[in-house]
Amino acid sequence: MHASPAEAIPAALAALPAAPLCVGYSGGLDSSVLLHALAASPAARERGLRAWHVHHGLHPDADSWAAHCAQVCAGYGLELTVSRVSVARDGGDGPEAAARAARHAAFAAGLGAGEALALAHHRDDQAETLLLRLLRGSGPDGLAAMREWRDCGRGRLWRPLLALPRAALEAYAREHALSWLDDPSNDEERYDRNFLRHRALPLLRERWPQASAALAQSARLQEEAAGLLDREDAAALAQVRSLDPQALSRSGLRALAPARRARVLRRWIAALALPPLPAQGVAQIERELLPARADAQAQFAWNGAVVRAWRDVLYAQTQRPPLPYDWRADWDGRAPLTLPGGGHWRLDGAAGFDVPLIAHARAGGERIALPGRAHRHSLKHALQALGVPPWERERLPLLADADGEVWAAGDLLYSARMDAWLRERGARLEWVA
């Protein structure tokens, strides 16, 4: 015997997370049902239940929609947070994707530590998402579609209604005489998801009435498969990762099967919080970076990030410009020194330097008197011996006295004089690029 909507919705919410709770509330039918059901739960209220409305500003009625949400939340005695976001109307992925990206960026920035944000996605949404990703040629990770749980900023997203059809939410809303908003853009079939919702899925259900349920089940199976792959990817990544999380062994990567290597590269980039590595990036790494000569400095750059090959290592990081060649600054060590393009230099453990010092960019040809060495050495060769990549050397600030004698290169190399001075005081330099 099937549970009625009055029973099915609360049953889906029975296992509440032991965390502060927030509901993503657009004012539409789905989120109105979720908000009502959670507001009726004493256990949810005990977790500090609140609501969150994202104001996209894309529709003339957006202000009145926010006012409706505020009125409903006031009736429930719930706090409502309204976040106004800017949506790029001319983005290459369309307004739907741009609004979703802006919404999730707001969620990631605003969720409290450990807070769970409940979203009202249901089984029919899952079916649409799977079809969209199939049509985009996604692999197992993408075909897992929407997960019940995923990390978001300092908290997590929770989709407790994924197993329920939208019809159950509609019946619940009618049973409880809820009022909700209808966004007219949801009927515009020029958007891919709306085309699937209004044209493709109804046609599929004419022939296969359980189409949405079957598609959602496929997404669950893909999630299981992706989980197995993910564990193997994590083990493979651990094998090729160096002590520096931004670096991977090229020879270790070459020993992996190509399909595994592609997954490891994407997982590595995601772990560094860099933009997703595009397919052409994986192909270029395979074709140019992995087989490159040790000194070739091959690279692939995308969306402000870059992967470089040097020696036996792949490095990934955000793109940063070198220090301007003519940059110079007096520094007495009493306060941190802000570096061009971001980063800083700081003296810890001492009030300041005993003599005036000058920070400047490398010009080439510098030499340094290293501790325990009888002669000065080429700074370039000393940095190469330390394994400092060329692009890091371009951002490396030098500290010299009035006579031009190099005292320090970032916090990587100290002259004998600087080393002794720091040791006497128990001090150190900290360089953040």
Side-chain angles (χ1 to χ4, degrees), residues 1-9 11-13 24 26-34 37 91-101 103-104 118-150 157-175 178 180-229 279:
M1 184 174 178
H2 294 293
S4 70
E7 299 168 330
I9 304 294
L13 302 171
S26 69
L29 182 143
D30 303 341
S31 64
S32 295
V33 167
L34 180 59
D93 295 328
E96 278 185 304
R100 185 169 56 252
R103 186 165 59 249
H104 281 270
L119 301 178
H121 298 111
H122 46 72
R123 191 172 72 189
D124 297 73
D125 293 325
Q126 185 75 306
E128 295 163 10
T129 300
L130 177 65
L131 284 175
L132 282 171
R133 295 188 181 180
L134 278 168
L135 293 168
R136 293 169 184 164
S138 298
D141 297 291
L143 298 182
M146 293 183 288
R147 315 294 179 97
E148 182 180 1
W149 285 97
R150 80 167 178 84
L157 299 188
W158 178 38
R159 297 182 175 98
L161 307 182
L162 275 182
L164 300 179
R166 189 172 194 269
L169 278 68
E170 292 171 342
Y172 181 100
R174 288 194 300 271
E175 186 171 341
L178 301 184
W180 62 86
L181 302 168
D182 286 313
D183 183 347
S185 70
N186 289 333
D187 296 325
E188 295 183 20
E189 293 181 3
R190 61 194 175 99
Y191 298 139
D192 292 342
R193 184 176 289 274
N194 291 346
F195 179 85
L196 291 175
R197 180 177 302 157
H198 298 299
R199 300 277 294 278
L201 274 167
L203 185 61
L204 288 172
R205 284 192 286 261
E206 284 183 20
R207 182 66 178 262
W208 298 281
Q210 297 301 314
S212 292
L215 290 167
Q217 171 66 6
S218 290
R220 284 193 293 274
L221 294 174
Q222 290 293 335
E223 182 177 358
E224 292 176 5
L228 293 174
L229 288 169

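Along the sequence shown, the residues carry numbers beginning at 1. These values consider heavy atoms only, across backbone and side chains, with no hydrogens, waters or symmetry-generated copies.
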Taking every heavy atom of Ala12 against every heavy atom of Pro160, the minimum-distance pair comes out as CB-O, 3.6 Å
Can you name the nearest heavy-atom pair linking Leu162 to Met146, along with the distance? CD1-O, 3.6 Å
Separation between CG of Leu161 and CG of Leu13, rounded to the nearest 0.5 Å: 5.5 Å
Side chain proximity check, Leu119 to Leu34, heavy atoms < 4.5 angstrom: no
Whether Arg133 side chain and Gly142 backbone form a donor-acceptor pair below 3.5 Å: yes
Answer yes or no: does atom CD of Glu148 have more than 12 heavy-atom neighbours from other residues, nucleotides or ligands under 6.0 Å? yes
Does Ser32 reach the main-chain N or O of Gly28 with its side chain, forming a donor-acceptor pair under 3.5 Å? yes
Should the heavy atoms of other residues, nucleotides or ligands under 6.0 Å from CZ of Arg207 be counted, would the total exceed 12? no
Among His121, Arg193, Arg123, whose side chain to side chain donor-acceptor pair (under 3.5 Å) with Glu128 holds? Arg193
Under 6.0 Å from the CZ atom of Arg199, do we count more than 12 heavy atoms belonging to anything else shown? no
Find out whether Asp30 and Arg166 are in side-chain contact, i.e. whether some heavy atom of one side chain is under 4.5 Å from a heavy atom of the other. yes
Nearest-0.5 Å distance, CG of residue Leu131 to CG of residue Asp192: 11.5 Å
All heavy atoms of Ala226 vs all of Asp141, minimum pair found to be CB-OD1, 3.7 Å
Quick check: closest heavy atoms across Ala144 and Gln222, and the distance to 0.1 Å? N-CB, 3.7 Å
Find the distance between CG (Leu143) and CG (Leu132) and round it off to the nearest 0.5 Å. 11.5 Å
Say you draw a straight line from CG of Leu196 to CD of Glu189; how long is it, rounded to the nearest 0.5 Å? 10.5 Å
Search all heavy atoms of Asp125 against all heavy atoms of Ala120 and return the closest pair with its distance. OD2-O, 4.2 Å
For His198 and Asp187, what are the C-alpha separation, side-chain angles and deciding distance, and is it a side-chain contact (heavy atoms from CB on, under 4.5 Å)? CA-CA 8 Å; His198 298 299; Asp187 296 325; 3.7 Å; yes
Measuring from Gln210:CD to Leu204:CG, what's the distance to the nearest 0.5 Å? 13.0 Å
Of all the heavy-atom pairs spanning Leu164 and Ala8, show the shortest one and how long it is. CD1-O, 4.0 Å
Keeping Ser31 on the side-chain end and Ser26 on the backbone end, is there a donor-acceptor pair under 3.5 Å? yes
Using a 3.5 Å distance criterion without hydrogens, assess whether the side chain of Asn194 forms a donor-acceptor pair with backbone atoms of Asn186. yes
Could you check if a side-chain atom of Arg205 sits within less than 4.5 angstrom of a side-chain atom of Asp124, using non-hydrogen atoms only? yes
